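Here is how names work: the chains are called A, B, and so on, in the same order as the sequence lines, proteins then strands, and each is numbered from 1. Treat the numbers as computed from the prediction; the structure is a model and nothing was measured. No hydrogens, no waters, no symmetry mates; every other heavy atom, side chains included, goes into these values.
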Amino acid sequence: MKEQISQLISQALETLVAQGSLPGDISPRIQIDRTRDKSHGDLASNIALTLAKSAGRPPRDLAAELCAALPPSPLVERTEIAGPGFINFFLSDDSNQAIVRAIIEQGASFGHSEAGKGQQVQVEFVSANPTGPLHVGHGRGAAVGDSLCRLLAATGWNVSSEFYYNDAGAQIDNLALSVQARCRGLTPDDDQWPEDGYRGDYIADVATAYMAGATIDAEDQHVTGAADAEDLDAVRKFAVAYLRREQDLDLKAFATHFDLYFLESSLYQSGAVEETVTRLVGNGHTYEQEGALWLRTTDFGDDKDRVMRKRDGGYTYFLPDVAYHLNKWQRGFKRVINEQGADHHSTVTRVRAGLQALQADIPEGWPEYVLHQMVTVMRDGEEVKISKRAGSYVTLRDLIDEVGRDATRYFLVARGPSSQLTFDIDLALSQSNDNPVYYIQYAHARVCSIMRKLAEQGESWNPESGLDSLQRLQEEHEKALLRRLDRFPEVVAGAATSLEPHNVANYLKDLAGDFHAWYNAHKTLVEDKALRDARLALSEAVRQVIANGLDLLGVSAPESM
RNA sequence: GGGGGUAUAGCUCAGUUGGAUAGAGCAACGGCCUUCUAAGCCGUGGGUCGAGGGUUCGAAUCCUUCUACCCCCGCCA
């Protein structure tokens, strides 16, 4: 719609230039905005304001000439000049109502686009190390990351989702020692308990399963417990598999899927880490100091240089990170998005610096990052910190068990990633209009309920009759809904471009509000069949858009509540 | 001390990338169920957009200085 109005203006500008009213050397960027106030029409352009200076004319005069030069169009009912020189477009009923037909014809794909042109994009998110259950912060990463994947897929990108984890480093040794201690019957309060060992109850569960010879089938790990407390390597392998399976269950309960699980250890096995070191040294960006090998990341914008190889010969996490991203690049991903907690912010400059130092023709801003701020959990007005299972943090599973998957996902994705998030358990649990998840789902269920009611009356909805009678939708509530529905494709495209899924959540709340207001003001199942079918068409369009929007957030659209 | 983030109604947060009189929900107050699900609707009140300066036709939005809070600043990940 914006595009079509833009073309009308463009033609009017050419006319004015031809008439000599405007200089020929102008190159205006035609901007069309949705109006905030419906008394300003449906769409507005500031073109006269932006051209006023270069044309040396008062903006309102310019606007008047532009309006006069606009070619007639069935889309536009009339135009007005307002304020300092805005041109307001009042669209015709036909053009506003056409959206209903578009939605019903396109169904689940309405709102989708081909903007990505099938290009590949890889999204890495969660990437938790297998040292314990996923916590709320991982949950936010999962909700945002998965929703980004859905948004990018809906806008024409070919998306690969990936989960990267360290299965071998110092933290995993610590995990193995903790499980081994439990196998030996120790508890965290014993003197012999490993220093900095993991104290959560889940460690005991891992030990029990290991000693019982249990078999673990995770997405990417398959191990049987050796039942030998002294075999630390077997304990380690088992613990990693066990906790990966736990995380799989967490992610499954959260309806989050990954195309690939990438192991840090594979970078050592394939020689990618060594190769990366060789290239960095060969490119002259390294030096040795105090027995360690440093990368001069300050050459690439870092505030200090970083150690790559420790004095003891082991690598810091930083180096495999660079090797991993080189691997992504070599796999052909020209676009990569990493979704991480903001506490890992310092890795952004570092990884990019490492990639530049490779001199592999990787663009400076590659990869992209989406960083989410911290999550705190509140209950009864107080911060919740301790989980029995995990010991020191609130697990994602606890939340899903308590408030449900839909509410958990919605709340974690409904705020901009850069805002700190307070997860209010009482609010997420409340079954009232306090709770936006149910508010939106209820709108969807209400439409389904109307359709059921119609069937109970022995009637059925005739879509063709409804679409042919759309001009009967003349109530203000109906016009507001039409305007709202028309915006959905822009909202999806915008959320995908800015990598901000919360825009979809906000839109759905507004759409549901418009629908509930209409529902209460006007009955759908009226005697007049043409009006009834038209209202059913509008209802069905609302239902479809809510379903499509909720799907982008990974939230279900129930047919009844 | 350095880097990043945030600051908008009593609370939680939006604000279409610089547009017209800054919005929503909650909380407060007052209404609406014999009528398609009241997990709903209607109405009222509520603001120095953290503070100062700047850019311009026009700023919550861009630049600058300052203040407060959060995160990071390890040869941990």
Side-chain angles (χ1 to χ4, degrees), chain A residues 31 33-37 39-40 44 46 49-50 52-53 58-59 82-86 88 127-129 131 165-166 169-172 174 196 264 289-294 302-304 306-312 314-318 320-321 341-349 371 373-374 376 378 414-422 424 427 430-439 441-443 445-454 456-457 487 490-491 494 497-498 502-503 505-507 509-510 512-513 515-526 532 535 539 560-561:
Chain A
Q31 186 184 336
D33 289 311
R34 301 247 164 210
T35 57
R36 189 171 297 170
D37 187 333
S39 71
H40 296 145
N46 60 356
L49 291 167
T50 55
K53 202 165 205 175
F86 291 104
N88 293 337
S127 294
N129 283 342
T131 54
Y165 68 93
N166 173 350
Q171 293 189 37
I172 299 299
N174 192 12
D196 299 326
E264 182 182 359
Q289 185 178 311
E290 295 170 20
L293 183 65
W294 297 67
D302 204 356
D303 54 359
K304 60 179 177 183
R306 306 291 169 176
V307 170
M308 307 193 319
R309 191 172 58 219
K310 300 184 276 187
R311 210 176 327 174
D312 67 9
Y315 295 109
T316 61
Y317 65 91
F318 156 59
D321 269 4
D343 53 339
H344 287 237
H345 177 263
S346 55
T347 63
V348 175
T349 359
L371 303 175
Q373 294 291 326
M374 303 293 100
T376 49
M378 302 287 282
R415 301 281 178 250
S418 62
S419 305
Q420 289 172 49
L421 175 64
T422 303
D424 185 337
L427 178 59
S430 74
Q431 300 202 340
S432 71
N433 53 352
D434 310 4
N435 192 330
V437 195
Y438 295 121
Y439 185 80
Q441 289 183 322
Y442 185 41
R446 262 189 160 164
V447 176
C448 297
S449 171
I450 293 170
M451 291 297 182
R452 282 194 297 271
K453 188 74 182 179
L454 183 70
E456 279 171 28
Q457 293 172 353
R487 291 194 49 180
E490 292 163 31
V491 170
T497 302
S498 61
H502 72 281
N503 291 329
N506 288 326
Y507 170 83
K509 205 164 58 166
D510 291 339
F515 173 75
H516 287 309
W518 176 53
Y519 175 93
N520 275 273
H522 301 287
K523 193 165 172 166
T524 304
L525 301 180
V526 290
R532 184 197 72 183
R535 287 187 171 165
S539 301
S560 64
M561 303 289 284

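Between C36(B) and G19(B), the distance separating the two C1' atoms is 41 Å to the nearest Å. Distance noted for atom P between U44(B) and G23(B): 14 Å (whole Å). Atom name C1', nucleotides A38(B) and C42(B): the rounded distance is 13 Å, in whole Å. Comparing the C1' positions of U61(B) and A7(B) gives a spacing of 14 Å, expressed to the nearest Å. Here the separation of C11(B) from G47(B), taken at their P atoms, is 13 Å to the nearest Å. C76(B) and G18(B) are spaced 44 Å apart, taking the P atom of each and rounding to whole Å.
Toward the 5' end of RNA chain B, the nearer of the two residues Leu371(A) and Thr50(A), judged by each one's closest nucleotide, is Leu371(A). Judged by closest nucleotide on RNA chain B, Gln31(A) is the one of Arg452(A) and Gln31(A) placed further toward the 5' end.
Residues meeting the side-chain hydrogen bond (donor to acceptor under 3.5 Å, both in side chains) test with Asp37(A), sequence neighbours left out: Ser39(A). His502(A) pairs by the ring-ring contact (aromatic ring centres under 6.0 Å, His included) definition with nothing, not counting sequence neighbours. Considering only residues two or more places apart in sequence or on other chains, Met378(A) meets the side-chain contact (heavy atoms from CB on, under 4.5 Å) condition with Glu383(A), Thr422(A). Remark: Asn88(A) engages no residue in a side-chain hydrogen bond (donor to acceptor under 3.5 Å, both in side chains) (not counting sequence neighbours). The salt bridge (Lys or Arg N to Asp or Glu O under 4.0 Å) check on Asp424(A) picks up nothing, with sequence neighbours excluded. Remark: Asp33(A) engages Gln31(A) in a side-chain hydrogen bond (donor to acceptor under 3.5 Å, both in side chains) (not counting sequence neighbours). Under the rule for a salt bridge (Lys or Arg N to Asp or Glu O under 4.0 Å), Asp196(A) has no partner lying at least two apart in sequence or in another chain. Residues forming a side-chain hydrogen bond (donor to acceptor under 3.5 Å, both in side chains) with Tyr165(A) (at least two apart in sequence, or on another chain): Asp220(A), Gln221(A). When the ring-ring contact (aromatic ring centres under 6.0 Å, His included) test is applied to Tyr507(A), the partners found at least two apart in sequence or on another chain are Phe488(A).
Counting non-hydrogen atoms under 4.0 angstrom, Ala44(A) reaches a base of the nucleic acid. At the heavy-atom level, Gly314(A) lies nowhere under 4.0 Å from the strands shown. Within the 4.0 angstrom heavy-atom criterion, no nucleotide atom of any strand lies near Asp510(A). If you check every strand for non-hydrogen atoms under 4.0 Å, Ser560(A) touches a base. Nucleic acid contact for Asn88(A): base, since at least one base atom lies under 4.0 Å from a heavy atom of the residue. Using a 4.0 Å heavy-atom cutoff across all strands shown, Ala443(A) reaches no nucleic acid atom at all.
Side-chain nitrogen and oxygen atoms of Ser418(A) include at least one within less than 4.0 Å of the OP1 or OP2 phosphate oxygen of U6(B). Taking only side-chain nitrogens and oxygens, Arg36(A) comes nearer than 4.0 Å to OP1 or OP2 of A20(B). Using a 4.0 Å cut-off, some side-chain N or O of His502(A) falls inside it from OP1 or OP2 of G15(B).
Against the 90° criterion about 0, the sugar-base torsion of U17(B) places it in the syn range. Classification of C33(B) as syn follows from a glycosidic angle within 90° of 0.
Taking 4.5 Å as the limit, every side-chain heavy atom of Ile450(A) sits out of range of all side-chain heavy atoms of Arg535(A). Using a 4.5 Å heavy-atom threshold, the side chains of Arg415(A) and Gln373(A) count as separate. Taking the side chain as every heavy atom from C-beta outward, Thr35(A) and Phe86(A) never approach each other to under 4.5 Å.
Between the NE2 atom of His40(A) and the P atom of U21(B) there is a distance of 8 Å, given to the nearest Å. A straight line from OH of Tyr439(A) to P of G25(B) spans 7 Å, rounded to a whole angstrom. Rounded to an integer number of Å, the gap from NZ of Lys509(A) to P of G15(B) is 11 Å. Atom CG in Leu421(A) sits roughly 12 Å away from atom P in U12(B) (whole-Å rounding). Between the C1' atom of G15(B) and the CG atom of Asp37(A) lies a distance of 16 Å, rounded to the nearest Å. Between the P atom of C57(B) and the CG atom of Leu49(A) lies a distance of 11 Å, rounded to the nearest Å. Distance, Phe86(A) CZ to U21(B) C1': 13 Å, rounded to whole Å.
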Report all interatomic pairs (protein N or O, nucleotide N or O of nucleotides 33-36 of chain B) with separations under 3.5 Å.
| residue | atom | partner | partner atom | Å |
| --- | --- | --- | --- | --- |
| U35(B) | O2' | Lys523(A) | NZ | 3.1 |
| C36(B) | O2 | Thr524(A) | N | 3.4 |
| C36(B) | O2 | Leu525(A) | N | 3.2 |
| C36(B) | N3 | Thr524(A) | N | 3.0 |
| C36(B) | N4 | Tyr519(A) | O | 2.4 |
| C36(B) | N4 | His522(A) | O | 3.0 |

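With values rounded to the nearest 0.5 angstrom, Leu525(A) atom CG is found 9.0 Å from Met451(A) atom CE.
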>> Counting primed atoms plus P, OP1 and OP2 as sugar-phosphate and everything else as base, spell out the protein contacts along nucleotides 70-77 of chain B at 4.0 Å heavy-atom distance: B, S or - for each nucleotide, 5' to 3'.
In response: SSSSSBSB
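Of all heavy-atom pairs between Ala443(A) and Ala512(A), the closest is CB-CB, 3.9 Å.
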> RNA chain B in dot-bracket, Watson-Crick or G-U pairs under 3.5 Å, [ ] crossing, | other strand?
Replying inline: (((((((..((((.....[...)))).(((((.......))))).....(((((..]....))))))))))))....
